[in-house]
> 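Can you keep this structure in mind? I'll have questions shortly.
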Amino acid sequence: MTSTGSGSDNAPRQGFGIDVGGSGIKGAIVDLDTGQLVGDRIKLPTPQPATPEAVAKTIAEVVDGFGWTGHLGVTYPGVVTHGIVQTAANVDKSWIGTNARDIISAELNGQEVTILNDADAAGLAEERYGAGKGHEGLVVLLTFGTGIGSAVIHNGKLIPNTEFGHLEVGGKEAEHRAASSVKEKNGWTYEKWTKQVTKVLVAIENAIWPDLFIAGGGISRKADKWVHLLENRTPVVPAVLENAAGIVGAAMASTRDVTH
Ligand code: BGC
């Protein structure tokens with residue numbers, strides 16, 4: 001199988017992305033012209049406990065399954081600067097302070113790795129190939145899941161590691177107020193939960209005035225049940241790439257400078 005297919009202008013035409021989630025580690029080759037996966041993805045269960053070393057081994061198994069030998073992108077559900085993990089809100093605390101980029105790269109015999117925040121990866125993909133396609137200006141993607149992830153993209157350029165899920169909104173952390181896990185845990189209706197989401201969106205739009213919000217995470221598949229209930233001023237559109245967004249964004253990140 002091909003590794004780093006390149007076009008006549010030397011820009012890579014294919015990339016490889018790995019999305020590390022709480023229950024599965026998924027990877028695929030990505031066509032960077034279209035944002036589509038090339039063939040099937042491989043998904044393996046996330047090892048428990050999900051320590052950096054255990055996750056790196058599973059990533060290597062997924063990569064081996066494709067015979068990919070080039071640069072690859074990997075998502076992580078927290079802040080990563082220069083390959084170093086800084087936070088671990090909803091994952092094993094042993095990640096903090098590790099050089100995840102080097103640990104994964106070592107497991108792959110030195111293959112180059114770019115590691116970036118999971119919501120940043122989804123944002124890159126949705127902005128370019130998904131719900132943000134054709135929109136200019138400042139786009140904010142939020143993922144609603146166990147926590148709330150955020151990505152800020154201005155005219156195609158990612159401002160990495162925004163953490164709007166941890167903003168304090170009305171005396172409470174945004175993700176403790178409006179993650180979809182909060183809805184599930186409390187058995188809330190969409191109406192009740194959406195009121196909390198509105199508060200979070202208003203806090204963000206008052207701070208940075210986006211042109212568009214993209215609502216991602218699993219609950220975005222039910223967008224018809226709740227997006228129309230939101231009362232903030234900025235338009236909100238549901239994400240469209242579903243669970244491919246992380247893989248696609250990770251592959252994009254491996255071909256450009258998105259980290260800091
Ligand atoms: C983390 C973010 C992450 C989000 C979604 C939050 O708790 O702080 O970095 O993007 O969860 O996984």
Side-chain angles (χ1 to χ4, degrees), residues 17-26 43 46 48-52 55 59 73-98 100-101 114-127 130 132 139-153 158-169 172-185 193 196-197 200-201 203-204 207-208 210 213-221 238-239 241-250 252-253 258-260:
I18 293 269
D19 193 18
V20 176
S23 60
I25 295 181
K26 298 155 271 180
K43 178 176 178 180
T46 305
Q48 298 302 334
T51 58
V55 168
I59 289 173
V74 176
T75 70
Y76 170 78
V79 174
V80 189
T81 57
H82 309 289
I84 315 280
V85 170
Q86 308 290 353
T87 69
N90 298 307
V91 287
D92 199 276
K93 299 290 178 251
S94 61
W95 282 87
I96 295 177
T98 58
R101 181 178 55 203
T114 295
I115 174 157
L116 81 164
N117 174 263
D118 56 356
D120 281 347
L124 280 173
E126 287 288 346
E127 196 266 348
V139 174
V140 173
L141 169 128
L142 297 173
T143 60
F144 296 92
T146 310
I148 294 180
S150 59
V152 174
I153 295 152
L158 172 73
I159 317 292
N161 289 314
T162 55
E163 285 285 315
F164 294 159
H166 300 289
L167 276 183
E168 197 178 300
V169 177
K172 201 169 187 174
E173 239 179 284
E175 74 175 24
H176 295 158
R177 192 177 267 293
S180 60
S181 60
V182 177
K183 176 182 182 300
E184 268 164 49
K185 197 175 75 198
W193 175 68
Q196 300 304 319
V197 178
V200 170
L201 298 185
I204 296 170
I208 64 162
F213 278 118
I214 301 176
I219 203 159
S220 66
R221 276 178 233 139
L241 299 176
E242 301 199 343
N243 50 20
I247 295 176
V248 174
M252 290 168 74
V258 293
T259 55
H260 79 281

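When a residue number appears, it is its place in the shown sequence, counting from 1. Every number for a ligand or one of its atoms is a count from 1 in the order of the listing.
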> Any non-hydrogen atom of Asn161 lying under 4.0 Å from ligand 1?
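Checking ligand 1 against Asn161, which is what was asked, there is no heavy-atom contact under 4.0 Å.
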
> Taking only heavy atoms of Glu175 into account, list the atoms of ligand 1 that are under 4.0 Å away from them.
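Here the atoms of ligand 1 in question are 6 (C), 7 (O), 11 (O).
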
> Ignoring hydrogens and geometry, is there a side-chain-to-backbone donor-acceptor pair from Ser94 to Thr51 under 3.5 Å?
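Here the side-chain-to-backbone pair does not exist.
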
> Under 30°, 30 to 60°, or over 60°: which ring-plane class applies to Trp193 and Phe144, parallel, tilted or perpendicular?
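Rings of Trp193 and Phe144: perpendicular, over 60°.
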
> Show the atoms of ligand 1 that are less than 4.0 angstrom away from any heavy atom in His166.
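Result: 1 (C), 6 (C), 7 (O), 8 (O).
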
> Going by atom types only, do Thr75 and Asp19 share a side-chain donor-acceptor pair under 3.5 Å?
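Yes.
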
> Within the structure, is a non-hydrogen atom of Gly165 found at a distance of less than 4.0 Å from ligand 1?
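It does not; every heavy atom stays at 4.0 Å or beyond.
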
> My understanding is that we take every heavy atom of each candidate and find the minimum distance to atom 1 (C) of ligand 1. Doing that for His176, Glu163, Glu173, Gln86, which one comes out nearest?
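The option holding the nearest heavy atom is Glu163.
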
> Check Asn90 against ligand 1 and report side chain, backbone, both or neither, counting heavy atoms closer than 4.0 Å.
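The side chain, only.
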
> Check whether Thr143 reaches the backbone of Ala119 with its side chain - one donor and one acceptor, N or O, closer than 3.5 Å.
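The answer is no, because no donor-acceptor pair under 3.5 Å joins these two groups.
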
> Give the residue and atom name of whichever protein heavy atom lies nearest to atom 4 (C) of ligand 1, and the separation in Å to one decimal.
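Here the closest protein heavy atom is Gly149 CA, 3.6 Å.
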
> Kindly say whether Leu241 contributes a backbone atom to a donor-acceptor pair with the side chain of Glu126 at under 3.5 angstrom?
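Yes.
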
> Is Ser150 close to ligand 1, meaning an N/O of one under 3.5 Å from an N/O of the other?
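By distance alone, the answer is no.
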
> Relative to the heavy atoms of Asn117, which atoms of ligand 1 are at a distance of less than 4.0 Å?
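The list of qualifying atoms is 2 (C), 3 (C), 9 (O), 10 (O).
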
> Considering only non-hydrogen protein atoms, determine which one is nearest to atom 10 (O) of ligand 1 and report residue, atom name and distance to 0.1 Å.
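Going atom by atom, the protein heavy atom closest to atom 10 (O) of ligand 1 ends up being Asp118 OD1, 2.5 Å.
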
> Strictly distance-based, threshold 3.5 Å: is any side-chain N or O of Glu175 a donor or acceptor partner for the main-chain N or O of Ile148?
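Indeed, once roles are kept as given, a pair shorter than 3.5 Å links the two residues.
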
> Quick one: does any side-chain atom of Thr87 pair with a main-chain N or O of Gly78 as donor and acceptor, under 3.5 Å?
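No; zero donor-acceptor contacts below 3.5 Å.
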
> With a 4.0 Å heavy-atom cut-off (strictly under), which part of Ala89 contacts ligand 1: side chain, backbone, both or neither?
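Near ligand 1, Ala89 shows its side chain, while the N, CA, C and O stay back.
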
> Give a yes or no on whether the backbone of Val80 and the side-chain of Asn161 come within a donor-acceptor separation of less than 3.5 Å.
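The answer is yes, because a donor-acceptor pair under 3.5 Å joins these two groups.
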
